[in-house]
Novice: 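Dropping a structure here in structure tokens format, bear with me for questions.
Each ligand, and each atom within it, is numbered from 1 in the order the structure gives. Keep in mind that the numbers below use all heavy atoms, side chains included, and drop hydrogens, waters and symmetry copies.
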Amino acid sequence: MEKYMTSPRSVRGHHVGLAIIFVCLGSFLVVFTDLHGISYKNLLSHSVSRPLPPHALNALERCQSLHRTPQVSLDFTKRSRSDRFVEGTKPILIKNAKVWTGGHNGTEVVNADILLDNGLIKGLGVYATSFVKSYSSPLTVIDANGSWVTPGIVDMHSHLGDSSSPELSGASFDDNSPHGPILPWLRALDGLNTHDDSYQLSISGGVTTALVLPGSANAIGGQGFTIKLRPTKERTPTSILLEPPSQLNLSHQQDYLPWRYMKHACGENPSRVYDQTRMDTVWAFREAYNEAREIMFAQNSYCDKLGAGDWKVLEEPFPDSLQWESLVDVLRGRVKVQVHCYETVDLNDIVRLSNEFQFPISAFHHAHEAYLVPELLKTTYGGPPGVAMFATNARYKREAYRGSEFAPKILAQHGLKVVMKSDHPVLDSRHLLFEAQQAYYYGLPENLAIAAVTSTPADILGLGHRIGYIKEGLDADLVIWDSHPLSLGATPKQVFIDGIAQLDNPYVLPKPNTFQYAPIVPDFEKEARESVTYEGLPPLGVSETDLGVIVFKNISTLYIPINGTIQSLHSTENENVSPSVVVVDAGRIVCYDTMNLDSCQSFLQSSNPRIIDLEGGSISSALVTYGSPLGLGEMESEDSTMDGDVFDPLKAGVPSVMGGDGALVHAADGLQFGSRSALLAYRAGVTAGISAPTHEGFYAGLSTTFSTGASHKLAPGALIQSTNALHVSVRHIGSPSVSSQVSALRHMLLHPQGVTEAGKWLRSVIEGRTTLVVDADSADIIATIVLLKKEVESHYGARIKLTISGGLEAHLLAKELSEAHIGVIQVPSRPFPTTWERKRILPGPPLSELSSVAYLLSYNVTVGVGIEEAWSARNTRFDLGWLAIEGGELVSKSDAIAMGSTNLLRLLGADAEVLNTMDLVVTSGGDILNIESKVVAIISPKTGSINFV
Ligand SMILES: *[C@@H]1O[C@H](CO)[C@@H](O)[C@H](O)[C@H]1NC(C)=O
Ligand SMILES: *[C@@H]1O[C@H](CO)[C@@H](O)[C@H](O)[C@H]1NC(C)=O
Ligand SMILES: *[C@@H]1O[C@H](CO)[C@@H](O)[C@H](O)[C@H]1NC(C)=O
Ligand SMILES: *[C@@H]1O[C@H](CO)[C@@H](O)[C@H](O)[C@H]1NC(C)=O
Ligand SMILES: *[C@@H]1O[C@H](CO)[C@@H](O)[C@H](O)[C@H]1NC(C)=O
């Protein structure tokens with residue numbers, strides 16, 4: 001009978017009477033349902049003579065729970081054992097932790113011990129040795145030595161398992177159905193692959209829980225499910241679910257109703273896929289919600305009649321629809337609706353929809369324009385949704401064009417809940433914490449930044465009663481960090497899920513004490529204000545150009561490019577070294593001195609120089625970006641803004657008007673200047689880009705070096721080097737085969753064709769003047785290229801210059817590459833097994849002792865690093881800083897800067913003149929790799945100026 005008891009709390013208004021009747025009716029029915037032929041007359045002394053229809057019990061049950069909403073019982077946290085407890089898991093005491101609990105709005109930090117048992121956090125406090133000795137079962141004691149401990153990271157937007165990695169055709173379409181814009185009946189769970197390589201990788205970044213959502217190709221893509229990432233002994237998708245909704249197993253009675261999750265998407269994605277407009281998409285939503293509302297009304301009316309004693313309604317089944325039931329549940333407030341929605345127009349559409357059909361929105365995802373319309377969000381039915389964002393991933397399409405790095409800060413200032421999410425594998429969720437670090441760098445307060453990947457998503461998911469906080473009674477999901485969680489490169493020392501340690505023999509790097517505090521981040525108030533004033537498109541040009549003498553003082557470090565290498569000329573990190581003074585005149589350093597201005601006097605006599613205090617800042621080589629289409633357009637998903645892909649002679653002929661197969665495209669001919677990603681890169685110290693023509697197949701063309709800060713190609717210093725290197729790709733693309741691609745490359749190199757453009761540049765490659773860049777990741781392909789290089793060199797009796805770009809498996813051939821004098825540009829700097837040919841990555845700490853970059857350097861391979869998407873060019877300095885941090889002794893800061901500047905230039909065939917006229921970057925508050933610093937100015941020898949940004 002218990003199951004028919006409805007707590008009065010969850011029954012509203014006139015339905016109270018109904019509930020009481022049901023309790024009685026329920027008793028009778030249960031008594032009699034085993035007996036066939038029982039009629040209403042017998043049952044209720046009523047005058048109806050038909051037998052009890054089989055659906056009656058269900059109808060009564062459904063009416064009874066009609067207004068039940070997800071609600072955790074008050075004594076949930078008094079549970080003694082987690083439903084996810086794994087038999088045999090030993091209790092653990094983590095001693096001496098610095099615990100970020102999530103309490104007090106994310107400001108509570110306590111020095112304490114944490115007791116884990118039965119899959120739960122059993123206590124937070126100080127436990128005496130006697131307690132350990134007398135504990136009911138033997139306690140494993142882990143001394144955290146004062147390490148930071150946070151709740152496990154909660155990723156509120158993931159496609160882990162559904163869009164699984166490495167991507168294979170048999171598995172990569174499992175997060176979207178092509179069968180229509182409205183599919184609320186689909187369930188992400190039904191495609192959840194448990195063999196995704198990402199589970200272990202993401203855990204190694206501290207992620208313990210993820211909401212796996214269907215993709216965004218459909219307006220209503222289906223139901224999402226919350227999972228815990230750890231492997232289970234059952235090995236099944238079902239067994240990794242956290243609080244599965246009751247619809248999955250009707251015989252499993254819970255003492256409360258778990259939340260359900262639903263994905264919606266508006267704007268470009270559903271429009272593109274279904275060849276429809278925004279108007280069509282919104283109509284599709286309204287039509288679907290109207291359908292659900294009709295069903296809900298029919299249910300209400302059915303139950304109202306029953307409540308009023310009209311038993312005849314039981315002759316009809318309870319009105320329902322397997323297709324629409326989840327949407328009816330949305331209207332009944334039982335579903336956390338997650339809406340992929342970017343632009344103001346779309347946000348407004350969905351807020352309007354929520355008010356028309358009266359259902360709440362749990363969170364807007366991506367929401368690149370949410371910070372421009374916070375008041376709109378507050379008018380959402382049922383209260384403002386959370387906003388789940390990327391930190392700096394933007395501008396890849398119109399919807400994302402006005403995205404701002406200051407959005408988290410601005411939204412928080414408006415009292416909206418801020419979540420940072422991965423959209424894994426769009427961003428590798430292993431590095432979700434980096435999103436929080438960037439949000440913090442750009443102004444989100446410390447407490448909210450940590451909460452943005454822990455307690456805030458846990459609360460928004462309706463799971464704050466068991467995850468997202470460190471509190472007695474919650475699930476034992478937590479991370480011991482090697483540094484403050486907001487310090488760049490923070491890496492887990494250990495991760496616990498349900499009280500089970502997830503990392504076997506983790507590699508832990510020693511980190512300096514300064515990493516144990518929240519970084520002191522720069523002031524971006526003005527920039528944040530401007531992003532709103534200018535509706536997301538603040539001016540990004542240089543604020544001032546100075547052609548005269550400027551003195552920079554209070555400089556901690558100098559990393560200067562000399563002859564194609566980075567030299568650390570000065571560092572206060574060494575003992576007894578005082579901050580330096582540097583004099584710059586007409587775009588060149590003319591003098592530097594560690595103590596005072598005396599030795600620089602001669603340069604200062606003629607003028608009254610401007611003196612700028614860098615507060616422990618730095619002057620270093622400017623950075624170079626490579627690997628993305630930066631410089632070849634504005635928004636990667638908008639063809640009308642991009643140079644476009646080249647013709648590929650291996651796929652289809654190249655038009656004869658271009659010279660046929662002998663044509664070779666110069667990226668310089670397609671350069672576009674002034675894109676927002678380029679200007680943002682410039683402001684972040686990435687002043688040059690090298691891009692090859694964009695291509696889908698084997699053939700690319702000639703790369704070019706350009707200034708990211710120039711406004712057009714004819715501006716002084718805009719085109720830095722018109723042709724760099726000759727680029728081809730050798731990848732698994734089906735047809736043509738890898739062996740065909742290699743065969744083409746061999747043929748091109750051994751038999752360069754006559755007077756064609758291709759012939760000319762191939763001869764230059766053969767003669768060792770032009771570098772050949774082969775884009776490849778697979779160690780097998782790279783090995784083949786190593787052999788081909790030898791073959792070509794022995795054929796001509798001369799050495800050629802060859803660089804591997806991509807190179808995620810190159811570490812497997814570190815020795816051979818070093819011996820063959822082949823350098824590697826690793827793209828991206830933090831490896832991820834996107835595709836099969838990238839499966840054998842070296843993941844770096846805590847999973848492997850060395851990062852792949854450190855490993856290659858240890859074999860004296862010349863290494864550069866690149867990016868895949870133009871928006872991330874601005875993050876180069878953090879990518880490099882991270883490599884230096886996780887490279888330990890093997891990767892100095894000079895090495896790291898070289899990988900993003902001089903090494904890249906050398907590996908991509910830069911002229912000596914380019915190497916000798918590199919820009920310099922002036923930072924305040926720290927060096928360019930540091931998350932505490934801010935770029936102040938660019939010193940440009942090419943234009944003889946200092947440009948303030
Ligand atoms: C939570 O912290 C933020 C930022 O530190 C602050 O603006 C906000 O007012 C706090 N909220 C509460 C409820 O204390
Ligand atoms: C704490 O220090 C001990 C002794 O150096 C070491 O064995 C242990 O791994 C450290 N624990 C953590 C979590 O760093
Ligand atoms: C459904 O729930 C029942 C009762 O809790 C349980 O015994 C059974 O194993 C569950 N079935 C599945 C497939 O999870
Ligand atoms: C730069 O390299 C060239 C050739 O290797 C060498 O002659 C020159 O001295 C170097 N200059 C400096 C400043 O190291
Ligand atoms: C790398 O170069 C250094 C310095 O030239 C040398 O001592 C070391 O043996 C080299 N390492 C390898 C693996 O070749």
Side-chain angles (χ1 to χ4, degrees), residues 92-109 111-114 116 140-150 206 374 384 386 408-419 436 439-440 442-452 454-456 459 464 469 478-486 490-496 501-513 515-516 518 521 528 565 810-811 813-824 845-846 850 854-863 889-892 894-895 898 903:
I92 291 170
L93 184 66
I94 301 170
K95 297 279 295 174
N96 307 318
K98 186 174 266 196
V99 189
W100 184 91
T101 66
H104 301 156
N105 191 25
T107 61
E108 184 183 64
V109 175
N111 294 308
D113 309 335
I114 311 167
L116 312 179
T140 305
V141 179
I142 296 172
D143 193 341
N145 308 318
S147 302
W148 281 94
V149 173
T150 68
K409 167 202 172 87
I410 294 165
L411 287 163
Q413 278 172 339
H414 283 92
L416 291 160
K417 290 200 187 89
V418 168
V419 170
Y440 171 64
Y442 292 111
L444 183 66
E446 177 183 348
N447 55 325
L448 301 184
I450 303 176
T454 54
S455 55
T456 307
D459 286 338
Y469 294 84
L478 45 90
V479 185
I480 305 177
W481 297 98
D482 67 357
S483 47
H484 186 284
L486 296 179
T491 300
K493 288 178 167 182
Q494 189 50 277
V495 180
F496 296 89
Q502 297 297 309
L503 303 175
D504 294 332
N505 302 315
Y507 293 90
V508 177
L509 276 172
K511 290 200 172 164
N513 209 31
F515 281 64
Q516 300 307 326
V521 288
T565 63
H811 62 96
L813 303 168
K815 180 166 166 285
E816 291 79 5
L817 287 167
S818 176
E819 286 165 2
H821 303 280
I822 297 176
V824 175
L850 299 185
Y855 191 81
L856 288 166
L857 285 181
S858 76
Y859 279 91
N860 297 332
V861 175
T862 303
V863 181
E889 302 272 284
L890 285 170
V891 186
S892 68
S894 303
D895 291 337
N903 287 8

Novice: Check whether any protein heavy atom sits under 4.0 Å from atom 14 (O) of ligand 2.
Specialist: yes
Novice: Taking all non-hydrogen atoms of both residues, which atom of Val99 and which atom of Ala112 are closest, and how far apart?
Specialist: CG2-O, 4.3 Å
Novice: Please classify the Ser818 to ligand 5 contact at 4.0 Å (heavy-atom distances, strictly less than): side chain, backbone, both or neither.
Specialist: neither
Novice: I need the atoms of ligand 2 closer than 4.0 Å to a non-hydrogen atom of Ala144, numbered in the order shown.
Specialist: 13 (C)
Novice: Only heavy atoms of Asn145, strictly under 4.0 Å: list the atoms of ligand 2 that pass.
Specialist: 1 (C), 2 (O), 3 (C), 8 (C), 10 (C), 11 (N), 12 (C), 14 (O)
Novice: List the atom of Tyr855, the atom of His811, and the distance in Å for their closest heavy-atom pair.
Specialist: CE2-O, 3.2 Å
Novice: Find all atoms of ligand 1 within a distance of less than 4.0 Å from any non-hydrogen atom belonging to Pro445, and give their numbers and elements.
Specialist: 4 (C), 5 (O)
Novice: Does the protein put any heavy atom within less than 4.0 Å of atom 9 (O) of ligand 2?
Specialist: no
Novice: Could you tell me which non-hydrogen atom of Ala810 sits nearest to which non-hydrogen atom of Leu817, and how far apart they are?
Specialist: O-CD1, 3.7 Å
Novice: Could you check whether atom NZ of Lys417 has more than 12 heavy atoms from other residues, nucleotides or ligands sitting under 6.0 Å from it?
Specialist: no
Novice: Could you tell me which atoms of ligand 2, counted from 1 in the order shown, lie closer than 4.0 angstrom to a heavy atom of Lys493?
Specialist: 12 (C), 13 (C), 14 (O)
Novice: So which heavy atom in the protein is nearest atom 4 (C) of ligand 5, and how far is it from that ligand atom?
Specialist: Asn860 ND2, 4.6 Å
Novice: Taking non-hydrogen atoms only, is Thr107 closer than 4.0 angstrom to ligand 1 via side chain, backbone, both or neither?
Specialist: neither
Novice: Are Asp143 and Lys95 close enough for a salt bridge, meaning some N to O gap below 4.0 Å?
Specialist: no
Novice: Among protein heavy atoms, which lies nearest atom 3 (C) of ligand 1, and at what distance?
Specialist: Asn105 ND2, 3.6 Å
Novice: Among all protein heavy atoms in this structure, tell me which lies nearest to atom 11 (N) of ligand 2, with the distance rounded to 0.1 Å.
Specialist: Asp143 O, 2.7 Å
Novice: Any protein heavy atom under 4.0 Å from atom 1 (C) of ligand 5?
Specialist: yes
Novice: Of Leu478, Thr140, Ile142, which meets side chain to side chain contact (heavy atoms under 4.5 Å, CB included) against Leu116?
Specialist: Leu478
Novice: Within the 3.5 Å criterion, strictly below it, is a donor on Asp459 or Thr456 matched to an acceptor on the partner's side chain?
Specialist: no
Novice: Can any side-chain N or O of Trp148 pair as donor or acceptor with the backbone N or O of Trp100 at less than 3.5 Å?
Specialist: no
